[in-house]
Each structure stands twice: as C-alpha cells, then as structure tokens.
Amino acid sequence: PYLFIVLGLLSLLVALGYGAGIGWLPRGRFLVVVLGGLAAILVAERAAMFTGESSLIPVLWLTVFAAGAILVTLTWSVAGMTLNMRQAKRLFPICTSAAIAGGFAGTLSAGPLAGLVGAENLILLFAGLLVVAAALTARIISRLPALPTAPRTPTSLVAEVRAGFDHVRESPL
C-alpha cells in the first residue's frame with residue numbers, strides 16, 4: 001500500500017512537470033524527448049538491477065506505472081496536435097479503442113514474452129518500444145504544419161510548474 005501512496009505523489013509531480021514542460025518547451029520536441037528520456041531511465045534502472053540490490057524493484061515499479069500515466073497523456077497530446085476538431089470528433093473514439101486494444105494485447109503477450117526473454121528483460125522491451133514510439137512521434141510531428149507561436153514572456157520551468165500547481169490547487173475539483 002505504501003507504494004501506491006508514493007505513486008500518487010509521484011503522479012502529481014509528473015503531471016505538473018509534464019504540464020509545465022509542454023507549455024515551456026516546443027511541444028513536438030518535448031514529446032519526443034519525454035519518450036526517449038523514459039526509455040533511457042528504464043534502461044539505466046534495468047542495468048542497475050545487475051547489482052542485485054532488491055530495493056531497486058520498487059523504484060522500477062514506480063517508474064513503469066508513472067511512465068504509463070505519462071504515455072496516456074502524451075498519446076492524447078499527439079492526437080490533439082495531429083487532428084483538427086472535425087477529425088477529432090470522429091477519430092478520438094478510434095484512438096481510445098486502439099489504446100484499449102493495445103493495452104489488452106500487451107497484457108496478453110506479457111506472459112509469453114516473459115517466458116521467452118525473461119521477466120526482468122520486459123523492461124528492456126518496454127524501453128525499445130518507447131524508442132520506436134519516439135521515432136514515430138518525431139515523424140508525425142515533422143509532417144505537421146508549423147503553428148504560429150504567440151509572443152511570450154520568458155519564464156523558468158520552475159515558474160511554469162508553480163503556475164500549474166497554483167491552478168490545480170485553486171480548482172474546486
């Protein structure tokens with residue numbers, strides 16, 4: 001149960017960071033860097049497991065679940081950038097169905113894949129799929145027309161996180 005409490009706090013921090021990052025950095029590049037960064041973190045954590053330190057397993061568990069939350073948000077960010085309002089109305093249900101089908105297929109294939117490559121190496125497979133997703137995201141975003149950017153006053157990433165936190169804190173939800 002303690003890991004779920006930590007996961008809740010970590011999810012809050014990740015959501016604030018994601019919101020600040022997507023508002024502070026060029027959106028397309030940010031999404032690709034997030035995917036690549038998640039892959040790098042997973043590979044580093046898997047490499048650290050070779051030390052035999054059992055305390056890394058909860059950290060890896062938290063990383064995988066936090067990555068899953070980021071991926072859901074990131075998927076909708078790419079879909080929102082790619083589709084116009086008319087397309088979104090028709091295609092978002094298909095995107096949702098694809099996400100559900102992908103999750104189902106991934107869950108069903110995890111057992112046989114774990115038997116094939118070893119359960120601990122599923123992390124490397126996940127990291128590899130994140131790299132493929134980063135490449136596909138970069139390709140999708142490179143084909144989008146450049147959006148005009150409104151002039152903004154330069155702010156720091158910390159200021160963006162603080163603004164997001166204040167917005168959430170003041171929400172009646």
Report task. Can you measure from CG (L62) to CG (L3) and round to the nearest 0.5 angstrom? Result -> 5.0 Å

Report task. Return the set of residues passing side-chain hydrogen bond (donor to acceptor under 3.5 Å, both in side chains) with T137 (not counting sequence neighbours), or none when no residue passes. Result -> none

Query - Pairwise distance CG(L10) to CD1(I5) - rounded to 0.5 angstrom - result: 13.5 Å

Query - Cluster overlap F65 with L74, hydrophobic side-chain contacts below 4.5 Å - result: yes

**Report entry** R139 to S142 - nearest heavy-atom pair and separation
**Finding:** O-OG, 2.8 Å

**Report entry** Steps toward side-chain contact (heavy atoms from CB on, under 4.5 Å) verdict (M81, I140)
**Finding:** CA-CA 10 Å; M81 290 172 54; I140 289 169; over 6 Å; no

**Report entry** OG1-CZ distance between T63 and F126, expressed to the nearest 0.5 angstrom
**Finding:** 10.0 Å

Requested in this report: Please report the closest heavy-atom contact between A39 and A127, naming both atoms and the distance.
Outcome: CB-O, 3.5 Å

Query raised in the report: With side chains defined as the heavy atoms from C-beta onward, is the minimum distance between M49 and L60 less than 4.5 Å?
Result: yes

Query raised in the report: Should I123 and V131 be regarded as members of a common hydrophobic cluster, given that ILVMFWY residues are connected when their side-chain heavy atoms come within less than 4.5 Å of each other, either directly or indirectly?
Result: no

Query - Sequence-distant partners of A133, side-chain contact (heavy atoms from CB on, under 4.5 Å), two or more places apart - result: L35

Report summary line: By ring-ring contact (aromatic ring centres under 6.0 Å, His included), F4 pairs with (sequence neighbours left out) W61

**Report entry** Linked, directly or transitively: F30 and I41 (ILVMFWY side chains, under 4.5 Å)
**Finding:** no

Query raised in the report: How close do S109 and P112 get, heavy atom to heavy atom, and via which atoms?
Result: O-CD, 3.4 Å

**Report entry** side-chain contact (heavy atoms from CB on, under 4.5 Å) partners of S11, counting only residues at least two apart
**Finding:** L7

**Report entry** Qualifying residues under side-chain hydrogen bond (donor to acceptor under 3.5 Å, both in side chains), relative to E170, sequence neighbours excluded
**Finding:** none

Query raised in the report: Should L136 and I94 be regarded as members of a common hydrophobic cluster, given that ILVMFWY residues are connected when their side-chain heavy atoms come within less than 4.5 Å of each other, either directly or indirectly?
Result: no

Report summary line: Hits for side-chain contact (heavy atoms from CB on, under 4.5 Å) against V33, two or more places apart or cross-chain, chain-then-number order -> R29

Report summary line: When every non-hydrogen atom of A134 is compared with those of G36, the smallest separation belongs to CB-N, 4.3 Å

Query raised in the report: Under a single-linkage rule joining Ile, Leu, Val, Met, Phe, Trp and Tyr whose side-chain heavy atoms are separated by less than 4.5 Å, which residues share a cluster with V43?
Result: L124

Query raised in the report: Under 4.5 Å between any side-chain heavy atoms of F50 and L56, yes or no?
Result: no

Query raised in the report: Atom CG in L38, atom CG in L129: separation rounded to 0.5 Å?
Result: 13.0 Å

Query - Contacts of type side-chain hydrogen bond (donor to acceptor under 3.5 Å, both in side chains), residue S77, not counting sequence neighbours - result: Y18

Query - Distance, nearest 0.5 Å, that separates CG of L91 from OG1 of T82 - result: 10.5 Å

Report task. Please examine the side chains of L130 and L71, heavy atoms only from C-beta on, and report whether any two atoms are closer than 4.5 Å. Result -> yes

**Report entry** Set of residues satisfying side-chain hydrogen bond (donor to acceptor under 3.5 Å, both in side chains) with respect to T51, sequence neighbours excluded
**Finding:** none

**Report entry** Gap between atom CG of L122 and atom CG of L42 - 0.5 Å precision
**Finding:** 11.5 Å

Report task. Output all residues satisfying salt bridge (Lys or Arg N to Asp or Glu O under 4.0 Å) with R169, sequence neighbours left out; order by chain, then residue number. Result -> D166

Query - Other cluster members, L108 - Ile/Leu/Val/Met/Phe/Trp/Tyr, side-chain contacts below 4.5 Å - result: F104

Query raised in the report: According to the side chain to side chain donor-acceptor pair (under 3.5 Å) rule, which pairs have a member within residues 112-132, sequence neighbours left out?
Result: R46-N121

Query raised in the report: Would you call V14 and I70 a side-chain contact if the rule is heavy atoms closer than 4.5 Å?
Result: yes

